[in-house]
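Below, chain A is the first sequence line, B the second, and so on; all start at residue 1.
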Amino acid sequence: MKIPGSVSAGFAPALVHWQRRDGRHGLPWQGTRDPYRVWLSEIMLQQTQVSTVLGYYQRFLDRFPDVHALASASEDEVMSLWSGLGYYSRARNLHRCARTVVSEHGGLFPSMSSVLATLPGIGDSTAAAIAAFCHGERVSIADGNVRRVLSRLLAFEGDLSQARAQRELWQLAQSLLPEHPSADDMVAYTQGLMDLGAGVCTLRQPACERCPVAGLCEARRAGATDRYPVKTRRVARRHESWWLLILRKRVGEQSVVWLERRPPRGIWAGLHCVPVAGDEAQALSAAGDHAGAARHLPAQAHALTHRELRLHPVLVDLVADAADPAIPDGRWVPTDQLGDVGLPAPVRSLLLQLPD
DNA sequence: CAGGCGTGGCG
DNA sequence: TCGCCAAGCCT
């Protein structure tokens, strides 16, 4: 695809100028070139909105002020701080990445995006963001904002549900970069792409009247911003029912619940969780002799990207001297220490609101 | 390469 | 309620 000369010449300067005047400047990961802080923010922001990340980011920085602190932590502590943020492989890769940076790079993040992209959890887009923000490297990010902004700007007809079209659009993004940018230019340009996508060139009802490049936009000229980005594939969401077995007992003043570790792959991989069964009979059989005391709590829906879960919590109170459940790899966790383990969001919320 | 992987917000 | 998706990566 060929880019009109006016677009390739005008886009980057207009975007840089606009970002400096009207873009976002107060986010906690802005105004620094510390690769650790930029990296942490970029990982958290993968598929996650700014408003969601804010609280997690500050807590992480408070606990792990630098890459050494993070590398020295246990994986469980990292997971507990990540709990609720989702896409938990990001947290494990974050931890692995910190250890790799310390053990193989002397505690310093590599500068070049191509080297950054070899680290766990850092793909091409995140590598570009880090290198552009920290060192002004002339590389383009390729996130959802860029795909939407550029597919409209160029009236790009490729189907972005296919990898090939995404690669093609990324090439176009590279060709739209400022020609001879200073480091500050690359920071403003990269941030500008994100700011434009997040606040102006939005999915629904884009605010073209506030857009600095509306005059260059092909979709706008055709009055067809809603046709882009082109995406055909739909997400098929499977419905499943899960029974959550909550085993609880009193130990002195406090109560404890039985948690096991989720398998290393799949949903909530590696997190702590109450035992999960595929149907009611299995759940009650896991409760063993105590199944008679089972209380069925209200079912709740929980949507994941590819599945729609219907969660059926079953609460069983055991006597204080009851034997441990015949479930491997589990342990009793005091309810007032649930904040210290990585739990899936619905499980955390469930355990925090148990009836007496 | 297509599919798997969380959660919350929005219209 | 439902579908879509948000600063994507890994296998």
### Query
Thinking salt bridges, do D317(A) and R295(A) make one under a 4.0 Å N-O criterion?
yes
### Task
Could you work out which one of dG8(C), dC5(C), dA7(C) sits closest to the side chain of L45(A)?
dA7(C)
### Query
Which value, in whole Å, describes the distance between the P atoms of nucleotides dG4(B) and dA7(C)?
23 Å
### Message
With the threshold set at under 4.0 Å for non-hydrogen atoms, list the residues of residues 204-212 of chain A touching DNA chain B in residue-number order.
### Response
R204(A)
### Query
Touch check for W39(A), heavy atoms < 4.0 angstrom, all strands: base, sugar-phosphate only, or nothing?
nothing
### Message
Please check: side-chain N/O of T118(A) versus main-chain N/O of L116(A), any donor-acceptor pairing under 3.5 Å?
### Response
no
### Task
Among the candidates dG8(C), dC10(C), dA7(C), find the nucleotide nearest to the side-chain atoms of L27(A).
dA7(C)
Please enumerate all protein N or O atoms sitting under 3.5 Å from an N or O of nucleotides 3-6 of chain B, with distances to 0.1 Å.
from, atom 1, to, atom 2, distance (Å)
dC5(B), OP1, I267(A), N, 3.4
dC5(B), OP2, R307(A), NH2, 3.2
dG6(B), OP1, Y88(A), N, 2.9
dG6(B), OP2, W268(A), N, 2.6
dG6(B), O4', Y87(A), N, 2.9
dG6(B), N7, Y87(A), OH, 3.3
dG6(B), N7, T305(A), OG1, 2.5
dG6(B), O6, Y87(A), OH, 2.8
dG6(B), N1, Q47(A), O, 3.1
dG6(B), N2, Q47(A), O, 3.3
dG6(B), N2, T48(A), OG1, 3.1

### Message
So, does R148(A) get its side chain near the phosphate of dA6(C), meaning an N or O under 4.0 Å from OP1 or OP2?
### Response
yes
### Query
Which value, in whole Å, describes the distance between the P atoms of nucleotides dC9(C) and dG8(B)?
22 Å
## Note on the structure
By nearest-heavy-atom nucleotide on DNA chain C, the more 5' of R24(A) and R96(A) is R24(A)
### Summary
Which of Q19(A), R20(A), R138(A) passes side chain to side chain donor-acceptor pair (under 3.5 Å) with D185(A)? It is R20(A)
### Query
Counting any heavy atom closer than 4.0 Å, what does V53(A) reach on the DNA or RNA strands: base, sugar-phosphate only, or nothing?
nothing
### Query
With no hydrogens and no angle check, is any side-chain donor or acceptor of R237(A) less than 3.5 Å from a backbone partner on L304(A)?
yes
### Summary
Pairing string of DNA chain B (Watson-Crick or G-U wobble, both atom distances under 3.5 Å; | = paired to other strand) is .||||.|||||
### Query
Under 4.0 angstrom, heavy atoms only, what part of the nucleic acid is R167(A) near: base, sugar-phosphate, or nothing?
sugar-phosphate
### Message
Under a 4.0 Å threshold between the charged nitrogen and the carboxylate oxygen, would E260(A) count as salt-bridged to R331(A)?
### Response
no
### Query
Taking the side chain as C-beta and beyond, is there a heavy-atom pair between Q300(A) and L350(A) under 4.5 Å?
yes
### Message
Determine whether a donor-acceptor pair (N or O, by modelled atom type, separation under 3.5 Å) exists between the side chain of T52(A) and the backbone of T48(A).
### Response
no
### Query
How about W82(A) and F60(A): are their ring centres within less than 6.0 Å of each other?
yes
### Task
Under 4.0 Å between any heavy atoms, over every strand shown, what does I122(A) touch: base, sugar-phosphate, or nothing? Just pick one.
sugar-phosphate
### Query
On a whole-Å scale, what distance lies between the P atoms belonging to dC4(C) and dG3(B)?
15 Å
#### Entry: Stepwise side-chain contact (heavy atoms from CB on, under 4.5 Å) test for S175(A) and I3(A)
CA-CA 9 Å; S175(A) 69; I3(A) 300 179; 3.2 Å; yes
### Task
Please work out whether the ring planes of F11(A) and Y189(A) are parallel, tilted or perpendicular, with thresholds of 30° and 60°.
perpendicular
### Message
For dC9(C) and T126(A) - does any side-chain N or O of the residue sit under 4.0 Å from the phosphate oxygens OP1/OP2?
### Response
yes
### Query
For K231(A) and dG3(C), what is the distance between atoms NZ and C1' respectively, to the nearest whole Å?
13 Å
### Query
Are the side chain of R221(A) and the backbone N or O of L216(A) linked by a donor-acceptor pair below 3.5 Å?
no
### Position toward the 5' end of DNA chain C (nearest nucleotide), A117(A) or S41(A)
S41(A)
